[in-house]
Amino acid sequence: MALAAPPPIAVTINAQPQTVTVDLHRTALIVVDMQNDFCAKGGWVDHLGVDHTPDRAPIEPLQKLLPVLRAAGVHVVWLNWGNRPDLKNMPPNQLHLYKPKGVGIGLGEPLPGSGARVLQKDSWAAAVVDELKQEPGDIHVDKYRISGFWDTPLDSILRNLGTRTILFAGVNTDQCVLHSLTDANFLGYGCLLVEDCCATTSPDYCVEATIFNVKKCFGFVTHSSDVIDAVQKQAPGRIS
């Protein structure tokens, strides 16, 4: 009833407040909400009149990081906001949060132009942006709250994979990324925020507070170049 565990591949990654040693075969990268509604022209954020371009900042560093991690045996999890079409898993308080004035386009309602329904599973709005390549071996999990661990199979999937360490990327740094990371910390995972692979449309002080709190209470902060260097220099002959 037990599968053979893969041999460990330990690498030490430069991070703050201290360096961290992880087992690549027991590490996952979670990419949060890099989807059209947040990161693309014509998406929900763009429709709301917010400049969505800051949320596109993780695309380029992720394009470099993803193939390195996949080759090293690190599982890639796309954690996208994707509600049921009938919104039966969304209580009224959540609906209010995303339509605070009671007017305009909210969850599950069609966007002008594309007609894609806001944050609805399997719609263009909830799809990963075209610039980030997904592979057949990647894992996809839909979420319905700011935290990706709430009412989803994410924790079960990670535990079945034997995951002990999670690298976090995506948007928004101070919202869905942070609160998914804090829940992961509470569940016992080691957490690394890959700073340049995260972004937000919030003010700068929100990012500053997030980085401070992650380093202070919830895990570690690193850079994609430090992760890539650690993998390529410390485990070059063991990458599958």
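On a predicted model such as this, the values are computed, not experimentally measured, just so you know.
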Nearest atoms (heavy-atom pairs only) where [X] meets [Y]:
X    : Y    : answer
C198 : L193 : SG-CD1, 3.5 Å
P54  : D51  : CD-O, 3.2 Å
S202 : D174 : OG-OD2, 2.8 Å
G219 : P17  : O-CD, 4.0 Å

[Y] side chain reached by [X] side chain, heavy atoms, under 4.5 Å:
X    : Y    : value
W44  : L119 : yes
L95  : L87  : yes
I211 : E195 : yes
V118 : L111 : yes
S156 : R159 : no
L192 : F168 : no
P153 : V141 : yes
F220 : V214 : no

Within 6.0 Å of [atom1] in [X], more than 12 heavy atoms from elsewhere:
X    : atom1 : value
D204 : CG    : no
E60  : CD    : no
F212 : CZ    : no

So, [X] and [Y]: side-chain donor and acceptor under 3.5 Å apart, yes or no?
X    : Y    : answer
T19  : N14  : no
T173 : T210 : no
T201 : D55  : no

Backbone N or O of [Y] within a donor-acceptor pair of the [X] side chain at under 3.5 Å?
X    : Y    : answer
Q234 : T12  : yes
H25  : P7   : yes
Q120 : A126 : no
Q35  : W81  : yes
T163 : R26  : no
Q175 : N172 : no
D23  : A10  : no
D226 : I13  : no
T27  : I166 : no
N80  : G82  : no

Inset, instruction - Please test F186 against F149 for side chain to side chain contact (heavy atoms under 4.5 Å, CB included), starting from the C-alpha separation and ending with a verdict. - result: CA-CA 11 Å; F186 300 150; F149 285 91; over 6 Å; no
Legend entry - Worked check of side chain to side chain contact (heavy atoms under 4.5 Å, CB included) between L132 and Q63: CA-CA 6 Å; L132 291 175; Q63 288 172 333; 4.1 Å; yes
Inset, instruction - Indicate if L158 and W150 have the same hydrophobic cluster label, given that clusters are the connected sets of ILVMFWY residues with side-chain heavy-atom separations under 4.5 angstrom. - result: no
Legend entry - Residues T200, V207; criterion side chain to side chain contact (heavy atoms under 4.5 Å, CB included); working and verdict: CA-CA 8 Å; T200 184; V207 176; 3.3 Å; yes
Inset, instruction - Carefully, step by step, assess R56 and M34 under the rule side chain to side chain contact (heavy atoms under 4.5 Å, CB included). - result: CA-CA 8 Å; R56 297 180 60 79; M34 289 300 298; over 6 Å; no
Inset, instruction - Flag the pair K143 and D151 as a salt bridge only when some basic side-chain nitrogen lies within less than 4.0 angstrom of an acidic carboxylate oxygen. - result: no
Inset, instruction - Before accepting this row, confirm whether a basic side-chain N of the pair K88/D86 lies closer than 4.0 Å to the acidic partner's carboxylate O. - result: no
Inset, instruction - Just do the salt bridge (charged side-chain N to carboxylate O under 4.0 Å, His left out) check on R70 and D138 with the steps written out, would you? - result: CA-CA 9 Å; R70 288 192 185 103; D138 294 349; 2.8 Å; yes
Inset, instruction - Measure the spacing between CG of D46 and CG of D37 and express it to the nearest 0.5 Å. - result: 10.0 Å
Inset, instruction - Could you tell me how the ring of W78 sits relative to the ring of H140: parallel (under 30°), tilted (30 to 60°) or perpendicular (over 60°)? - result: parallel
